[in-house]
Amino acid sequence: MVISLTKRYQELNFRMLWIEELGKHIGEKVILRGWVYNRRDSGKVRFVLLRDGTGICQCVFADSEVEKKYFELADSVNQESLVEVEGTIREFDRAPGGVELAARSMKLLADSVDYPITPKEHGIDFLLSRRHLWLRSSRQHALLRCRDTLIRAFHEFFGERGFILIDPPMITPTSCEGTTELFEISYFDDKAYLSQSGQLYMEPAAAAFGKVYCLAPSFRAEKSKTRRHLTEFWHLEPEVAFLDLAGDMELAEEMLSFVVKELLEGRSTEIEFLGTWGKNKQEKRAFREHIELLKNLNPPFYRITYTDAVKLLAKKGVNIQWGDKFGADEEAIISAVYDKPVFCHRYPKRSAPFYMKEDPENPELVKNFDLLAPEGYGEIIGGSQREDDLAKLEAAIERHNLPREPLEWYLDIRRYGTFVHSGFGIGVERTLAWITQTHHIRVTIPYPRLMDRIYP
RNA sequence: UCCUCGGUAGCUCAGCGGAAGAGCGGGUGGCUGUUAACCACUAGGUCGGGGGUUCGAAUCCCUCCCGGGGAGCCA
């Protein structure tokens, strides 16, 4: 079908163009194919907004210039019908994109009756149930283009630095961290679990390749119903040999600065659009301030120890004891002190996962960090130096009441040339939500998986 | 799992004991350039399900179902 269409355009001496390319073809006769985004009319003129995925083009049908049947089609064609429009591209300042198509004819290729997502406000339940159609809408379009750029930027950052991409398994025999709820699946005659992190598999890979990373889905079966949680999210996890905690934090801040720059440069149109879409005056100002913050997001970020953060919170009147975990409120208070993300590091060992390295300067602590994003977005990165002492790791496994046998392979890394190494995990959706100031991360992934929502 | 708010036209919502409403969307007509166009007319309802209170229930009570927001946990 595609081949024959292309041939037809050649025969007609027309050019089949994507809407994003139209600016370079002013004055040319072209054929556009796309879906009807919206339709407007005034007197003897009909406007059809055509969407082909790369952009939107206003097609103008003037009563005096087109045959009656085409004018009538332009007058009645349904939203999201697939059409082919033939005409001439011309400049028009007030049209979206600065150019418009002076239409000569239009052909209905596929009708669309009662398209549910009308140019109107809809509730989140309605939209999420129609996520497969919602993807066509302009805000979702902008967000997912930013997501594409963000993921490419992650790969570029690590690729340029000689990291090797190592894909972890998604089906695992046991929990990686032993704490969170896992999705159980049946695996022939056995039980298996969907991976909640690739980290334990990255550590042996770091011994094999030195600098490695993975970018894969992670699954969490916790019944978390908040704007920061998905049951399936994309998890980026670098792991580096001979890197200590300080180096790990440096890697994290360089990476974040890099991808933010790539987004600001590569997706300025989309980010500008997101800064105005559905926002009131105050929100628009807040967004502009956020963009200024992003523009100045150069290393180093701020650093504060857990112990100092507790003191800071106490000074702010928060009732908190050393050893308590930080909740969402505490994290918001800490991050609000700074105009850049802040590393909170060296948390109490008693609430830390088994694999984190004990701080030699204080065995009550582990050498880990959380990176807290400003503006209340909370933790977007969690990282640590890993325990490389076999005896200490074995003791930690025992302390956490974890079964030892499924972790023997992991202990091997400490048996055969153990080495200082560190890494971190960052959620693609949380990062994108923070950069684009999106309230809920469910719209930063094409098909969100949430508690009680698995359709479409 | 807990707390909290909600379910009324295709969509977004108002009505909160006394004739089922608005805006948008759909349909029809009007307007030479619209920007979620506008104007007029019009069709469209098991008020989430079940039970109860009452002369009378969308409205009050009980219960179940579904969804939103938040907490814990985490990225």
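Within every chain, numbering begins at 1; the chains are lettered A, B, ... in the order of the sequence lines, protein sequences first and strands thereafter. Here the structure is a predicted model, which means the values were calculated and not measured.
Residue A/His122 contributes atom NE2, which lies 9 Å from atom P of B/C11 at whole-angstrom precision. Distance, A/Lys223 NZ to B/C74 P: 18 Å, rounded to whole Å. Rounded to whole angstrom, the span from the NZ atom of A/Lys225 across to the P atom of B/G70 amounts to 10 Å. The distance from atom CZ of A/Phe183 to atom P of B/C73 is 19 Å, rounded to the nearest whole Å. Per the geometry, CZ belonging to A/Phe273 stands 11 Å off P belonging to B/A36, to the nearest Å. Regarding A/Ile124, its CD1 atom lies at a distance of 7 Å from the P atom of B/G69, rounded to whole Å. Remark: P of B/A71 and CE of A/Met451 are 14 Å apart, rounded to the nearest angstrom. Rounded to an integer number of Å, the gap from CH2 of A/Trp234 to P of B/C74 is 24 Å.
Applying the 6.0 Å contact sphere to CD of A/Glu91 captures no more than 12 heavy atoms from other residues, nucleotides or ligands. Counting non-hydrogen atoms of other residues, nucleotides and ligands closer than 6.0 Å to NZ of A/Lys284 gives a total above 12. The number of heavy-atom neighbours closer than 6.0 Å to CH2 of A/Trp18, taken from other residues, nucleotides and ligands shown, is 12 or below. Other residues, nucleotides and ligands contribute only 12 or fewer heavy atoms inside 6.0 Å of the CZ atom of A/Arg152. Summarising the local packing, CD of A/Glu364 is surrounded by 12 or fewer heavy atoms from other residues, nucleotides or ligands at distances under 6.0 Å. Residue A/Glu160 qualifies as enclosed at atom CD: its count of foreign heavy atoms under 6.0 Å is above 12. No more than 12 heavy-atom neighbours from other residues, nucleotides or ligands sit within 6.0 angstrom of CD on A/Glu272.
In terms of phosphate contacts, A/Arg130 brings no side-chain nitrogen or oxygen within less than 4.0 Å of OP1 or OP2 of B/G10. Side-chain N/O atoms of A/Arg228 include none lying less than 4.0 angstrom from OP1 or OP2 on B/G69. Using a 4.0 Å cut-off, no side-chain N or O of A/Arg40 falls inside it from OP1 or OP2 of B/U34. Contact annotation: A/His439 side-chain N/O to B/G70 OP1/OP2 distance is under 4.0 Å. A/Arg227 has a side-chain polar atom (N or O) that falls below the 4.0 Å cut-off from OP1 or OP2 of B/G70.
B/G72 and B/C2 are spaced 9 Å apart, taking the C1' atom of each and rounding to whole Å. B/C64 and B/G23 have their P atoms separated by 39 Å, given to the nearest Å. Rounded to whole Å, the C1' atom of B/A57 lies 15 Å from the corresponding atom of B/G50. For the C1' atoms, the distance linking B/U8 with B/G21 amounts to 10 Å, nearest Å. B/G48 and B/A58 have their C1' atoms separated by 12 Å, with the value rounded to a whole Å. Comparing the C1' positions of B/U53 and B/C65 gives an interatomic distance of 23 Å, to the nearest angstrom. Going from the C1' atom of B/A75 to that of B/C3 covers 25 Å, rounded to whole Å. A gap of 10 Å separates the C1' atoms of B/A9 and B/C47, to the nearest Å.
Backbone-only contact: A/Asp452 has heavy atoms under 4.0 Å from sugar-phosphate atoms and none from a base. Among the protein residues, A/Phe233 comes within range of the nucleic acid bases, having at least one heavy atom under 4.0 Å from a base atom. Among the heavy atoms of the strands lying under 4.0 Å from A/Leu230 is at least one base atom, whether or not backbone atoms are also near.
For A/Arg453 against B/C66, a side-chain-to-base donor-acceptor contact under 3.5 Å is absent.
Aromatic ring orientation, A/Phe287 versus A/His290: tilted (interplanar angle from 30° to 60°). Below 30°, between 30° and 60°, or above 60°: for A/Phe326 and A/Tyr306 the angle between ring planes is below 30°, a parallel geometry.
Across all strands shown, B/U1 pairs with B/A71; the Watson-Crick or G-U wobble distances both stay below 3.5 Å. Across all strands shown, B/C38 forms a Watson-Crick or G-U wobble pair with B/G30, both key distances being under 3.5 Å.
For the side chain to side chain contact (heavy atoms under 4.5 Å, CB included) with A/Thr444, the lone residue among A/Ile435, A/Leu432, A/Val428 that qualifies is A/Leu432.
Checking A/His155 against A/Tyr213 by side-chain atom types alone, a donor-acceptor pair falls below 3.5 Å.
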One character per nucleotide, please: for nucleotides 40-48 of chain B, 5' to 3', B when the base has a protein heavy atom closer than 4.0 Å, S when only the sugar-phosphate does, - otherwise. ---------
I need a per-nucleotide contact map over nucleotides 23-33 of chain B, read 5' to 3'. Cutoff is protein heavy atoms under 4.0 Å; write B for the base, S for backbone only, - otherwise. BBS----BBSB
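For the atom pair CD of A/Glu270 and OG of A/Ser138, the computed distance is 11.0 Å after rounding to the nearest 0.5 Å.
Heavy-atom nearest nucleotides on RNA chain B were determined for A/Phe126 and for A/Ser224, and the one closer to the 5' end corresponds to A/Phe126.
In the set B/C73, B/U1, B/A37, B/C73 carries the atom at the smallest distance from any side-chain atom of A/Glu222. You'll find that the side chain of A/Asp125 is closest to B/G67, out of B/A36, B/G67, B/A75.
Non-hydrogen atoms lying under 4.0 Å from RNA chain B are contributed by A/Lys325, A/Gly327, A/Ala328, all within residues 325-332 of chain A.
In this structure, A/Arg449 fails the cation-pi test against A/Tyr447, since its NZ or CZ atom is not both closer than 6.0 Å to the six-membered ring centre and inside 45 degrees of the ring normal.
Taking the side chain as every heavy atom from C-beta outward, A/Val318 and A/Asp329 never approach each other to under 4.5 Å.
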